[in-house]
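Data block below; observations after.
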Amino acid sequence: MAIREILTVPDPRLKEVSKPVEGPVTDELRALMDDMLETMYDAPGIGLAAIQIGVPLRIIVMDLAKEGDEPAPRYFVNPEILETVEETQPYEEGCLSVPDIFDEIERPARCRLRYMDYNGNLVEEWAEDLYAVCIQHEMDHLEGTLFIDHLSRLKRQRAIDKVKKAKLRKIREDAA
Ligand code: NI
């Protein structure tokens with residue numbers, strides 16, 4: 001396993017639409033998912049889409065276990081949202097590709113999913129609460145959409161500027 005670099009805004013790759021995985025879940029894909037999970041734990045974060053490490057495939061990893069609990073990794077290959085409920089819930093979201101920015105996003109409270117898991121089994125289930133928030137956030141990444149794209153243009157630009165400034169500051173500090 002290896003920790004990969006996480007892309008941050010305004011990297012244009014984050015706007016790419018990811019392609020479906022063709023064929024079964026192979027060992028090569030499992031190795032990619034292992035790297036994604038390790039990268040996500042290291043960050044630390046609770047969800048990561050493959051495009052966030054520059055791989056434009058429809059793959060997501062997630063772990064919603066509370067701190068101190070046993071790790072509970074989840075893997076999603078070619079996930080699809082089959083239906084959502086009308087009821088929405090607000091949640092203060094963040095993203096490893098938009099570090100240190102948090103804002104409230106309103107999304108459907110529950111959604112029904114279909115995906116292949118780590119072993120290539122087809123799973124269909126309902127997601128609710130944080131699971132529903134996280135899978136919808138991660139699935140947005142597969143379409144090249146970031147959570148800040150749900151905010152006003154002004155808020156989005158401010159977020160991107162803040163991340164850019166922090167990156168420049170870090171480059172200067174590292175050079176000093
Ligand atoms: Ni994200």
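This structure is a prediction, so every number in the text was calculated from the model and none was measured. As a basis for the values below, the full set of heavy atoms in this structure was taken, side chains included, without hydrogen atoms, waters or symmetry mates. Numbering of ligands and ligand atoms starts at 1, following listing order.
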* With a cut-off of under 6.0 Å to the ring centre and 45° to the axis, is R74 in cation-pi contact with Y115? -> no
* Taking the side chain from D35 and the backbone from I3, do they hold a donor-acceptor pair closer than 3.5 Å? -> no
* To do: Begin with the C-alpha distance, continue with both residues' side-chain angles, and end with the deciding distance and a verdict on side chain to side chain contact (heavy atoms under 4.5 Å, CB included) for M36 and Y75.
  => CA-CA 10 Å; M36 286 171 63; Y75 308 86; over 6 Å; no
* Structure fact -> Taking every heavy atom of V77 against every heavy atom of V25, the minimum-distance pair comes out as CG2-CG2, 4.1 Å
* **Check: R112 side chain, E83 main-chain N or O, donor-acceptor pair, under 3.5 Å** => no
* Backbone N/O of D34 and side chain of E38: donor-acceptor pair under 3.5 Å -> no
* Could you pull out the N/O/S protein atoms under 2.8 Å of the Ni ion (ligand 1), ignoring any water? => C95 SG, H137 NE2, H141 NE2
